[in-house]
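Notes for the one structure printed next.
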Amino acid sequence: MRKFFSILLSLALLIPVAVFAADPSTELMQKIDSLSKELDRLKQEMKTKDEKREERITGVEKKAEEAAGPSWLKIGGDFRARVDSLSGKTHDALVSDGSGGANATAGKDIRNDSLFTNRFGLNLIGKATEDITVIARLLMYKVWGMGNTNPVTTNAFFADRTVFDGTTGHIPQDNILRVDQAYATWSNIADAPVWFSIGRRPSTGGIPGNIRQNLEKIGTAGVPSLLVDYAFDGLTLGYAPDINALPGAYIKFCYGKGLDSGFRPQNNNLKDTSMFGLDVVPYDTDNLKVELNWNRGSGIFARPDLITGNTNVGEIDWYGTTVMGRIGDLNLFVSGALSKSHPNNNTYGGAYGLLWDTTEGKKSRTGNAIYLGGRYDIKSTGTKIGAEYNHGSKDWITFVPANDDIWTGKLGTRGDVYEAYLIQELNKKPIAKRGKAFFRLGYQYYDFKYTGSNNWMGAPQKISDMTKAGPGLPQFYEVIDKASNIYLSFNVLF
């Protein structure tokens with residue numbers, strides 16, 4: 001159309017001078033009037049075409065919205081089918097019978113050749129008003145062939161394999177779709193980079209564990225997986241300043257409640273269990289993230305599933321640092337932490353306290369842990385190869401009962417855990433925004449050094465020194481010395 005206008009203008013300029021001289025008052029005005037009318041006609045034609053084009057675009061957008069849902073609501077989720085082949089060996093130990101007595105228990109081989117599970121998650125994001133969003137996640141996780149009760153993966157050998165509020169939906173249970181997350185976030189408070197979030201928060205599946213799960217890291221939500229993996233009801237207040245030298249930097253204060261003790265004194269004066277945390281992230285980009293953490297567990301319970309007959313046994317402080325980065329196609333991370341127990345004078349069953357028993361007495365203990373690994377991505381084939389290692393000391397205790405490991409949370413192990421895995425993504429064009437599908441084949445090997453992994457009750461005992469007569473008080477569970485797990489999963493994200 002512009003070319004046409006240029007031609008018209010050129011023709012006008014080529015009009016012989018004689019014509020202008022012949023009758024400047026008539027012929028020139030007629031030609032100008034004719035050109036003006038032609039220009040108006042072309043403008044109207046273009047306007048009509050633009051209006052029709054806008055109508056087509058609006059129609060396409062409306063159809064797309066009808067297919068994808070309203071713009072204020074986003075729906076997504078994930079599905080995982082998994083099979084685990086578990087084998088291990090228990091050690092000679094004196095084991096509590098749960099009724100005040102004890103059994104001299106000989107070590108034996110244990111195994112479950114084929115444990116099949118299904119897990120389904122449904123994610124909802126609703127934009128309520130400007131700067132206010134509600135996020136929810138529903139989760140179902142069950143063992144094939146098992147109904148409402150599941151003794152297969154719960155309460156077998158480790159304290160963290162117990163289904164209670166913070167672990168429901170994260171330990172294989174049944175086919176009920178439960179609320180795993182439900183919280184509201186208010187951002188840009190007072191037009192400042194400040195946000196407030198409250199509800200059942202995303203305090204599970206944190207960094208750097210997302211690397212082996214083949215998931216993107218959570219934004220400013222979440223807690224490093226070495227310190228916390230638990231579905232907390234709580235709140236967060238965060239601030240993310242814009243500092244050129246510190247891209248992505250933010251700081252946040254977190255509070256969560258692990259147990260509401262109910263009415264006193266009917267509950268024998270049991271106090272609430274609370275978690276306080278401070279996260280400082282001085283640097284956060286696609287290629288490098290640094291996070292510093294302090295958490296404090298206050299009024300730690302002896303048992304997570306009781307009000308009557310329960311007691312508070314003290315406090316625990318945690319300090320952690322996590323660094324994760326990417327160099328080309330290589331993802332690397334290292335995470336380290338300290339735990340410091342502060343026991344009170346309370347015991348459970350008259351014998352066990354916070355990392356102490358009647359033999360050693362009340363004593364504050366410091367534990368430590370290290371977690372490191374990497375994953376190399378071969379983009380041309382969609383293949384990812386990873387390896388991880390973690391070690392926990394004798395008195396290491398963390399808060400990760402909602403972990404994704406079958407035996408026990410590997411990051412709470414008092415000993416060493418080795419893991420290698422291979423991820424193969426399917427070369428399929430994504431339709432959903434998060435759409436992808438992949439297989440993950442992996443192997444875990446646990447080498448336990450001390451008893452009581454993922455349990456803060458009772459004094460840890462060196463496993464190699466144990467006999468059917470002790471030493472120390474009876475153990476809560478049969479003592480596993482070595483364990484391995486070969487797993488294969490098929491994951492679909494949408």
Problem - Student check: side-chain heavy atoms of Lys379 and Asp329 closer than 4.5 Å - result: yes
Handout entry: Salt-bridge criterion met for Glu216 and Arg434 (N-O under 4.0 Å)
Key = no
Exercise for the section: Return yes if a side-chain donor-acceptor contact under 3.5 Å exists between Trp144 and Asn118, otherwise no. Expected result: yes
Handout entry: Sequence neighbours excluded, every pair satisfying salt bridge (charged side-chain N to carboxylate O under 4.0 Å, His left out) that has a member inside residues 459-468
Key = none
Handout entry: Asn214 CG to Lys436 NZ distance, which is reported to the nearest 0.5 Å
Key = 3.5 Å
Practice task
Verify whether one side chain among Asn454 and Thr408 offers a donor that lies under 3.5 Å from an acceptor in the other.
Solution key: yes
Practice task
Without swapping roles, check the side chain of Ser489 against the backbone of Ala81 for a donor-acceptor pair under 3.5 Å.
Solution key: no
Practice task
Could you check if a side-chain atom of Asn485 sits within less than 4.5 angstrom of a side-chain atom of Asp405, using non-hydrogen atoms only?
Solution key: no
Practice task
Before accepting this row, confirm whether a basic side-chain N of the pair Asp113/Arg111 lies closer than 4.0 Å to the acidic partner's carboxylate O.
Solution key: yes
Problem - Nearest-0.5 Å distance that lies between atom OH in Tyr376 and atom CG in Leu330 - result: 8.0 Å
Completion exercise
Output for pair (Ile211 CD1, Ile423 CD1), nearest 0.5 Å, gives 10.0 Å
Problem - For Asp395, the option from Arg365, Lys363, Lys449 that meets salt bridge (Lys or Arg N to Asp or Glu O under 4.0 Å) - result: Arg365
Practice task
Applying side chain to side chain contact (heavy atoms under 4.5 Å, CB included), run through Glu388 and Lys410 and close with a yes or a no.
Solution key: CA-CA 11 Å; Glu388 298 184 355; Lys410 71 174 190 176; 2.6 Å; yes
Exercise for the section: Search all heavy atoms of Arg414 against all heavy atoms of Pro460 and return the closest pair with its distance. Expected result: NH1-CG, 3.5 Å
Handout entry: Side chain Thr167, main chain His170, donor-acceptor under 3.5 Å
Key = no
Exercise for the section: Work out which heavy atom in Trp396 is nearest to a heavy atom in Leu411; give both atom names and the distance. Expected result: NE1-O, 2.9 Å
Exercise for the section: Starting from the C-alpha separation in whole Å, work towards a yes-or-no answer on side chain to side chain donor-acceptor pair (under 3.5 Å) for Tyr487 and Arg440. Expected result: CA-CA 8 Å; Tyr487 61 85; Arg440 183 161 70 104; 3.0 Å; yes
Practice task
Verify whether one side chain among Thr467 and Asp92 offers a donor that lies under 3.5 Å from an acceptor in the other.
Solution key: no
Problem - Pair Thr383-Gln424, side-chain donor/acceptor within less than 3.5 Å - result: yes
Exercise for the section: Considering non-hydrogen atoms only, spot the tightest contact between Gly374 and Phe333 and give its length. Expected result: N-CE2, 4.0 Å
Practice task
Could you tell me whether the side chain of Asn210 and the main chain of Gln213 form a donor-acceptor pair under 3.5 Å?
Solution key: no
Problem - Short N-O contact, Asp447 and Lys482, less than 4.0 angstrom - result: yes
Practice task
Taking all non-hydrogen atoms of both residues into account, name the closest pair between Pro401 and Arg161 and its distance.
Solution key: O-NH2, 3.0 Å
Handout entry: Centroid separation Tyr418 to Tyr389 less than 6.0 Å
Key = yes
Problem - Side-chain donor/acceptor of Asn331 to backbone N/O of Arg326, under 3.5 Å - result: no
Report all side-chain donor-acceptor pairs from residues 201-209 shorter than 3.5 Å, counting only partners two or more places apart or in another chain.
residue	atom	partner	partner atom	Å
Arg201	NE	Thr236	OG1	3.3
Arg201	NH1	Ser197	OG	2.7
Arg201	NH2	Thr236	OG1	3.3
Ser203	OG	Tyr230	O	2.4
Ser203	OG	Phe232	N	3.1

Handout entry: Test item: side-chain donor near acceptor, Ser274 and Tyr255, under 3.5 Å
Key = yes
Exercise for the section: For the pair Asn123 and Leu138, evaluate side chain to side chain contact (heavy atoms under 4.5 Å, CB included) and give the outcome as yes or no after the intermediate values. Expected result: CA-CA 7 Å; Asn123 303 328; Leu138 309 180; over 6 Å; no
Problem - Exercise: do Asp160 and Asn403 side chains pair donor with acceptor under 3.5 Å - result: yes
Exercise for the section: Side-chain contact test, heavy atoms from C-beta onward, threshold under 4.5 Å: evaluate it for Asp233 versus Asp165 and give yes or no. Expected result: yes
Problem - Side chain to side chain, Leu338 and Asp317, heavy atoms closer than 4.5 Å - result: no
Exercise for the section: List the steps, then state whether side chain to side chain donor-acceptor pair (under 3.5 Å) holds for Asn346 with Asn312. Expected result: CA-CA 7 Å; Asn346 295 339; Asn312 304 111; 5.8 Å; no
Problem - Heavy-atom side-chain contact between Arg82 and Asn491 under 4.5 Å - result: no
Problem - Test item: side-chain donor near acceptor, Arg264 and Asn269, under 3.5 Å - result: no
Exercise for the section: Begin with the C-alpha distance, continue with both residues' side-chain angles, and end with the deciding distance and a verdict on side chain to side chain contact (heavy atoms under 4.5 Å, CB included) for Thr220 and Lys252. Expected result: CA-CA 9 Å; Thr220 56; Lys252 64 179 181 179; 5.5 Å; no
Handout entry: Nearest heavy-atom neighbours spanning Pro282 and Leu246
Key = O-CB, 3.3 Å
Exercise for the section: Using the side chain to side chain contact (heavy atoms under 4.5 Å, CB included) rule, take Met457 and Leu355 through it: C-alpha gap first, then chi angles, then the decisive distance, then the call. Expected result: CA-CA 5 Å; Met457 297 297 293; Leu355 294 180; over 6 Å; no
Practice task
Please determine if Lys217 and Glu291 form a salt bridge, counting it only when a charged side-chain N lies under 4.0 Å from a carboxylate O.
Solution key: no
Exercise for the section: Using a strict 4.0 Å threshold on nitrogen-to-oxygen distance, state whether Lys340 and Glu315 make a salt bridge. Expected result: no
Fill in the blank from the handout: The reported gap from CZ in Phe301 to CG in Asn310 (rounded to nearest 0.5 angstrom) is 8.0 Å
Exercise for the section: Check the side chains of Tyr141 and Arg80 for a donor-acceptor pair under 3.5 angstrom, ignoring hydrogens and angles. Expected result: yes
Problem - Donor-acceptor pair, side chain of Ser341 and main chain of Ser364, under 3.5 angstrom - result: no
Problem - Gap separating the CG atom of Leu122 from the CG atom of Leu177, nearest 0.5 angstrom - result: 6.5 Å
Completion exercise
dist Leu332:CG -> Leu372:CG (nearest 0.5 Å) comes out at 10.0 Å
Practice task
Give me the one residue out of Tyr446, Phe448, Trp407, Phe476 that meets ring pair (Phe, Tyr, Trp, His ring centres under 6.0 Å) with Phe158.
Solution key: Phe448
Problem - Note: Arg119-Asp404 ion pair, threshold 4.0 Å (strictly below) - result: yes
Problem - Heavy-atom check, side chain of Asp78 versus side chain of Val492, under 4.5 Å - result: no
Practice task
For residues Tyr371 and His391, determine if any side-chain heavy atom of one lies less than 4.5 Å from a side-chain heavy atom of the other.
Solution key: no
Exercise for the section: List the atom of Tyr443, the atom of Ile486, and the distance in Å for their closest heavy-atom pair. Expected result: CD1-CG1, 3.6 Å
Fill in the blank from the handout: Paired with Gln461, the side chain to side chain contact (heavy atoms under 4.5 Å, CB included) test is passed by just one of Thr359, Asp357, Val479, Leu473, namely Asp357
Practice task
State, yes or no, whether a side-chain contact exists between Ile110 and Ile480 at a heavy-atom distance under 4.5 Å.
Solution key: yes
Exercise for the section: Taking the six-membered ring for Trp and the single ring otherwise, decide whether the centroids of Phe399 and Trp456 are under 6.0 Å apart. Expected result: yes
